[in-house]
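The structure under discussion appears below in the form of structure tokens.
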Amino acid sequence: MRIQLRLKDKMTLWYTLLTLLTVTAFSCALYLMTDYVLSEMLESSVRLSLRQVVAQIENRDGMLTFEDEVPITNSAMFYITEENGSELASYGEDIPLFDAVETQPNEFRVAQGDGQRWLLLDSGVITVERSRLRVRVAGSLATNDRVLSTMRLVFFVSIPILLLLSLLGGLFIAKRSLTPIRQIIRGADRIAQGDLSARIPAARARDELGELTDTLNRMLTSVEETFLREKRFTSDASHELRTPVAVIRAYAESLRAEKGLPPDAAAALDTVIAECARMQRIIAQLLTITRGEEGRYPLCIERLEGRALAEGVAETLAGRLAEKEITLTVDLPEGLTLYADQSLMTELLLNLVENAVKYGKTGGQIHLAAGRQGDMVEIRVRDDGIGIAQEALPHIFERFYRVDSARDRSGTGLGLSIVAWIVRVHQGSVAVQSQPGEGTTFTVRLPDGPAQMAE
Ligand code: ADP
């Protein structure tokens, strides 16, 4: 199993690991150095003591004496023995254990005695007059051991505390330094959802992240400008085409009205008029979409009567419904209202019900229902028509997408794009369910209140 760590945790772990390594290495070095220096000091003091003791032994009239005071510190002791090992004199407490430690001239050894450790150093055989003697000096390692054990204790207590502090500090630093990145991600997320006007909040620090934010924002401005230019071109082109198409249609209609036209010419004029009508519809829809996306549509949100809306749509489409002998059932709870823009909501319902008629079967049924679901209003348009193939479903809201464009010339492929835009400006959602051959259901969900829409 691979554990996916966040950048913040990774940074903290590396930081803590580095602190652990540094502190441990530093503590070990300090400990070893202290141990070395203390041992060196004790060794040289023991060596000095041995030399001094040896130098002060005298044989006065057959009596072995010391010339001076005992020259060594009270944490040390010495023994003077005859060559065979029998003790002649000693300073300090007698520790019998040392008798068992074999003599090895000029070599340091450590022995245990009296609950502490001692550093032993033996002299070689010394001849004073006729006496052959040996001297042994023992220096206490207690101070060294105490210093080292205190150091160990300090390390054992302070290293975990230091680690904890570095962990908390690391978390804090990582969180702080990653905050601008989080802002960049959030900003980029909003832009990815289609809001090209969104910008990443400028970072306060003038560091690499601040530069990255500026660069991204500059890039977004240029992308937005290009995008707006494209939209404006579509909108300007549609606008420019409106008049010529209207003129062509008007001339074609007046020609068609003349009497005695040859049948071929009449049929050609009918085609011209039908195509002009289709073109006018495309132009009108393109203008709605581009105006909407440029934010030039003056949205007017008000409380609308659900029933009045549905009846208006049923009335507009009565002729088309009758043509295909389709029955439209409207199912709305009494007094249902919704907050929306009236003309956009009418356009949305017209598009959905018109599609249901267009792709519905002759003599079929269309069901228009709405109701409140929590703090949303849900509108459903269901038909029992040809349905939509599964693979086409993700594309039907795209501009100019039509499932069967070759066979059907009546559509423009823009109706559902307009539905999607209307839903978006109302902060709602639209979903579709379909079974080819059985029918299609479109479900629109809109927030039920101006406060929610403003969010
Ligand atoms: P059009 O003007 O072609 O209807 P739309 O954008 O309204 O354009 O719809 C896109 C495509 O989605 C249509 O061409 C059609 O193939 C399919 N479609 C839309 N509504 C329905 C429906 N109720 N039943 C079956 N197919 C539908």
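In each ligand, atom 1 is the first atom listed, and ligand 1 is the first ligand listed. Here the structure is a predicted model, which means the values were calculated and not measured. Each residue takes its place number in the sequence, starting with 1.
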side-chain contact (heavy atoms from CB on, under 4.5 Å) assessment of R242 paired with L287
CA-CA 10 Å; R242 233 170 21 172; L287 277 173; 3.7 Å; yes

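For ligand 1 and R402, the ligand atoms under 4.0 Å from any heavy atom of the residue are 3 (O), 14 (O). Taking a cut-off of under 4.0 Å to the non-hydrogen atoms of K358, the atoms of ligand 1 that pass are 1 (P), 2 (O), 4 (O). For ligand 1, the atoms sitting less than 4.0 Å from at least one non-hydrogen atom of F442 are 20 (N), 23 (N), numbered in the order shown with element in parentheses. Shown in contact with I396 at under 4.0 Å from a heavy atom are these atoms of ligand 1, numbered in order with element: 10 (C), 12 (O). Near T412, meaning under 4.0 Å from one of its heavy atoms, ligand 1 places the atoms 1 (P), 2 (O), 3 (O). Near Y401, with a cut-off below 4.0 Å to any heavy atom, the atoms of ligand 1 are 10 (C), 11 (C). In summary, the atoms of ligand 1 found under 4.0 Å from a heavy atom of G411, numbered by their order in the structure, are 1 (P), 2 (O), 3 (O).
A heavy-atom distance below 4.5 Å is not found between the side chains of T150 and L153. Side-chain contact check for Q365 versus T329: some heavy-atom pair is nearer than 4.5 Å. Contact of the L304 side chain with the M345 side chain is registered, since non-hydrogen atoms from C-beta on lie closer than 4.5 Å. Annotation: side chain of I248 is in contact with side chain of V272 (closest heavy-atom distance under 4.5 Å).
Residue E354 places no heavy atom under 4.0 Å from ligand 1. Between G385 and ligand 1 there is no heavy-atom distance shorter than 4.0 Å.
Residues passing the side chain to side chain contact (heavy atoms under 4.5 Å, CB included) test with Q390 are L393, sequence neighbours excluded. Partners of S429 by side chain to side chain contact (heavy atoms under 4.5 Å, CB included), not counting sequence neighbours, listed by chain and number: R445.
Relative to atom 1 (P) of ligand 1, the option among G387, S434, G413, G360 with the closest non-hydrogen atom is G413. In this structure, of L393, L416, L414, D383, the residue bringing a heavy atom nearest to atom 23 (N) of ligand 1 is D383. Around atom 27 (C) of ligand 1, the closest heavy atom drawn from F400, Y359, F397 belongs to Y359.
Counting only distance, with no hydrogens or angles, the side chain of H239 and the backbone of S235 share no donor-acceptor pair below 3.5 Å. At distances below 3.5 Å, not a single donor-acceptor pair connects side-chain atoms of N351 with backbone N or O atoms of V419.
Of the heavy atoms in I388, only side-chain atoms (C-beta onward) come closer than 4.0 Å to ligand 1.
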